[in-house]
Trainee: 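A single structure is presented below for examination.
Position 1 is the first residue of the sequence; numbering continues from there. Both counts, for ligands and for their atoms, begin at 1 and track the order of listing.
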Amino acid sequence: MLEEGTLSMELIDGKEIAEKVLEECRRDIAHLAESGIKPGLAVILVGDNAASRTYVNAKDRKCRELGIHSVKLELDAAVSQEELIATIEECNRDDEIDGILVQMPLPEHIDESKVVEAILPSKDVDGFHPVNVAKMAMEDASGFVPCTPLGCQRLLTESGVEIEGANVVILGRSMIVGKSLALLLMQRAEGANATVTVAHSRTKNLSKITRRADILVAAIGRPRFVKAEDVKDGAVVIDVGINRIDDPEAKRGYRLVGDVDFDAVAPKTKAITPVPGGVGVMTIAMLMANTVKSARLRRAGD
Ligand code: NDP
């Protein structure tokens, strides 16, 4: 329950914005169908990590809902790097597959970067291939931007948040989230042109830095790490974190919380994303959007 002073706070509804993205996908899929094209996504799961399986199943379900051809490839945890790369190469050659995603993390004996580099850049809908990273850094829109950063940007633009000229502080510097989002929001483009600061575990005076943020993005994987005193009044807060905490009263025995102490921080903000129901739902929607984009670029010559 939010207290007095929260009346102007906007809850950024990831579900609603994701639905808008999916509606655009449906429109594009219908348009492609007129030319006999059905976008296709191959998701490769190695081993039996429960969280990875949940993500893979959710992606498969969403593809089917939208009418995207979905191929789920499950490989044993002991699969060799060569076998995994051979599977990827098969998908590279398959014209009905527009997007290839290898669910991370991979078992330790496999070199993740070698695996990512085996994916054709034109089918790398996760946007992790060095060619796509370079395209993002060079502001070449023909590449693929990783889904979570793309989802964060869309949440901001759809909520009418002014990004241009804003002081954006991003907590976390992973390629999957923090560093990629920094590259994206500093582009000379619409929905970007921000002044970006990236903080990480070695940053000094963290709270002083976060308090300068007009837009604060938390992507560190530490439950409720960001407290009210770390946030400027009227800031916009995007919480990327997904952390499981034990809760015997919850159906599954755990609950998901973000990297932001939502109850304490929300009343100070202009707008904030909830967890769940914020960035997470956007990530999967942007994956669908990237797959449709790939089909358009590869097969419809858009
Ligand atoms: P990583 O573990 O790869 O990176 C975490 C980053 O946070 C690192 O850069 C690390 O710094 C930094 N960090 C860790 N602790 C602190 C600290 N105390 N102070 C400042 N910085 C810190 O995580 P990911 O980027 O993959 O994920 C981050 C979170 O986002 C997780 O909760 C994850 O579950 C979630 N996530 C959510 C997605 C979604 O769809 N909503 C998608 C992907 C991730 P250093 O580099 O110095 O180690």
Trainee: Checking His109 side chain against Val79 main chain: does a donor-acceptor pair fall under 3.5 Å?
Mentor: yes

Trainee: Specify the closest pair of heavy atoms between Ile97 and Arg298, including all atoms of both residues, with the distance to one decimal.
Mentor: O-NH1, 3.5 Å

Trainee: Just checking, is any N or O donor in the side chain of Thr210 or Asp230 under 3.5 Å from an acceptor N or O on the other one?
Mentor: no

Trainee: Does Lys59 use its side chain to pair, donor to acceptor, with the backbone of Met288 at less than 3.5 Å?
Mentor: no

Trainee: Apply the hydrophobic cluster definition, ILVMFWY joined by side-chain contacts under 4.5 Å directly or through others, and give me every member besides Ile85.
Mentor: none

Trainee: Closest heavy-atom contact between Ala219 and Val240?
Mentor: CB-CB, 3.8 Å

Trainee: Contact residues of ligand 1 with a heavy-atom cut-off of under 4.0 Å?
Mentor: Thr148, Gly172, Arg173, Ser174, Val177, His200, Ser201, Leu206, Ala219, Ile220, Gly221, Arg222, Phe225, Val240, Gly241, Ile242, Asn243, Val279, Gly280, Thr283

